[in-house]
Chemist: 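One structure coming up, written as structure tokens, with questions to follow.
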Amino acid sequence: MTKSSVLGYPRIGANREWKKALEAFWSGKLEESEFLKQLQEIRIAHLCKQQEQGIDYIPVGDFSYYDQVLDTATMFGIVPKRFPYDGGPVPLSLYYGVARGTKDATASEMTKWFNTNYHYIVPELDGASPVVTENKPLIAYREAKEALGIEGKPVIIGPLTFLKLSKGYKASELDAWIDRLVPLYVQILQELEQEGVAWVQIDEPILVTKVDEKDIERLKSIYGTIAANVPNLNIMMQTYFESVDYYQEIVALPVKGIGLDFVHGLAGNLESIKTNGFPSDKVLGAGVIDGRGIWKASLRGKLDLIGELTAIVPADRLIVQTSCSLLHVPVTVQNESKLLPELKEALAFADEKLGEIALLKKAVASGESAVAEELARNSRELQAIEQSGARNRGEIQAAVAAVSKQEPLRSLPFAERHAAQERKWQLPIFPTTTIGSFPQSAEVRKARQSWRKGEWNNEQYNAFIREQIDLWIGLQEEIGLDVLVHGEFERTDMVEFFGEKLAGFAFTEFGWVQSYGSRCVKPPIIFGDVAFEQAMTVEETRYAQSKTARPVKGMLTGPITIMNWSFVRDDITREQIAYQLAYALRQEVEALEQAGIGMIQVDEPAVREGLPLKEKDQAEYLAWSVKAFRMTTCTVQDTTQIHTHMCYCEFHDMIDSIEAMDADVISIETSRSHGELIHSFEENTYKLGIGLGVYDIHSPRVPSVGEMTNMIDRALRVLDPKLFWINPDCGLKTRGSEETIASLRNMVDATRIAREKHTVQV
Ligand code: GLN
Ligand code: ZN
């Protein structure tokens, strides 16, 4: 009979209980024993929910005290060299030390988990001598069994994925590392086998990225060794987030089950299975329910899909499951009280997805008539959102369609615009500026809270914001910056701020997802046609400009960043959503220009992270992303200077696309990859205005003039001085005022030195 399975469940809790417990523990408000008890309660409650829904294979061991990759590393005693560690189970203090840093040692790097917004701790293998310090999946399995009588399915990150995501070793050492780690995996799995565990899920999402034949050989050897040593354990080798390229080799691995994503890798995986069939000795983990999207599934559509699959794999060898772990969606829709009814009924977060899985299983097992009522209701709900007025704004759709047919070009090419802008703005060589935000002090946050709670009226709040603007315009002039900003004091978040003012967005009350560690984000939902309603930033910007003779940059978040940091509707393409956003933001750009703002920055820090996992899809994504940016910015006058800002990741392989955005000036983060980025400018000349961040804003340390001078000198070796700007790496909202002022003073000093050197040279 068909079974049901879940690949992982969110750990944060419906009210972020997990986050609160972690933070209370870190701050010393919660003792370790009490903390452990609270976390266990959360964990068991989560298992309970899955048990109640009748899920057959409930994941255990997916719960974490911080991050599942860190769990795997510490289970093998892999701790960065700079931390004191003598072997044995890694104590909590050390575990959190690695994750968050201590006074003596810096934290491990964190990076994005594939193309999600979840960040994992990058294991550092350098100097490690791995051993099994404790069998975490076994502990989790026993706990679930004792507490609830659940025969859990331990979840483990597979050796190939784990090693490929780790650092601190050379590519040529990968095979040696596999040889060291696989015996440890065998040990863990043998203990599970002895315990009587039926199924283990081994995650190998690396297989949906670019792997080569050598990796496939590695995979065969890894799973061959495991099969030889652990013959009686059923292993589900699980992939997700995309389709697999080496389908035939992968389904031939000596494991009992193969898990494939039939949502995000639908086209590729379905084609592979139809063309090549599926081995008759294996079980197919069919990921049909979207583990990372927030919309209810079309049950009708899913049953049709399952029908296609069961034509190849009989139902008794098919597991209906989520496409990936539910870690990437919020916990439940149930507690939401402010959403439009048609929207609320169209959403499925983790708990609702459990219900969908259970229902599909029932339909496959007992026939559709057994779920006729649910099917009918589902189609009514989906129809209601489809027909929602918010999704059917003909005038917006027509306007966006018309605009996106035009080539989004500025009226003059850069070189000519640039000359006109130089004449107009009369800036010194190496103009200085900042990225937009100034410190969001406790006072600023408190003011916003008072206003949100209604304790302050609009007037009081606006007066407060204006005071902050006055203060910082004064400071920027005094420090000697050339292009000023208003400081973004009215914004908590660069996406939410715009989402709240544009049509087509909704905000949940509890729709949190884990981003990294205890940090959770609550992405807006783009559920309808996006439309400009009223000017969003004009008032503050115009006010700031009225206080100074120097130019003030208007400050907007770009279409791709807004889209990538939101949950989006899935009835139209991301490309279409991007154009709707672009068209709406273009109206804001025009409104700013009309209000006399002649420099406008459109931030796009999140372009890179939306890059599809498959290389073949990347060019298309970049092309429409660039187009959306240009749609946003192309209608301004020649003398209006368009800025953009990018950060958070490596850009060296997408310089061409960045250039194609055709922004007059880009400010770009370089602190994390300075060498590489500079290097890429040696190879490709960048022809537009550019400011490479000269100091890292992620640290409270005040950088010296000398350090920044070095950065400037290095950059000027590869960039045209006439196009070079000087600015920090990113916005300053997380910094304190004092260090910000001191750092900017040093930056202006370093600029002075650079200008002097430059005049001597020319
Ligand atoms: N303008 C934004 C700020 O300064 C940019 C933030 C970002 O790049 N993430 O805060
Ligand atoms: Zn930034």
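Ligands are counted one by one from 1 in listed order, and the atoms in each one are counted from 1 as well.
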Chemist: If you draw the axis of the six-membered ring of F527, does the NZ or CZ of R569 fall within 45° of it and under 6.0 Å from the ring centre?
Modeler: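 Negative - R569 is either too far from the ring of F527 or too far off its axis.
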Chemist: Heavy-atom contacts with ligand 1 below 4.0 Å: which residues, ordered by chain and residue number?
Modeler: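 Protein residues near ligand 1 are I435, G436, S437, E488, M494, M555, D603, P605, H645, C647, Y648, C730, G731.
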Chemist: With a 4.0 Å cut-off, would you call K424 and D638 a salt bridge?
Modeler: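 So K424 does not pair with D638 through a salt bridge.
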Chemist: Parallel, tilted or perpendicular for W472 and F489, by the 30°/60° rule?
Modeler: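 Ring orientation, 0 to 90° scale: tilted.
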Chemist: Is it the case that K627 places NZ or CZ above or below the six-membered ring of F629, under 6.0 angstrom from the centre and within 45 degrees of the axis?
Modeler: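 Geometry flag: not set, cation outside 6.0 Å or 45°.
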Chemist: To the nearest 10 degrees, how large is the angle at the Zn ion (ligand 2) between C647 SG and C730 SG?
Modeler: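 Taking the Zn ion (ligand 2) as the apex, I get 120° for this pair.
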Chemist: Y543 and E539: side chain to side chain donor-acceptor pair (under 3.5 Å), yes or no, with the steps?
Modeler: CA-CA 6 Å; Y543 177 75; E539 209 188 306; over 6 Å; no
Chemist: Name the residue from I597, I473, L484 that meets the side-chain contact (heavy atoms from CB on, under 4.5 Å) definition with Q545.
Modeler: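 It is I597, the one option of I597, I473, L484 that forms the side-chain contact (heavy atoms from CB on, under 4.5 Å) with Q545.
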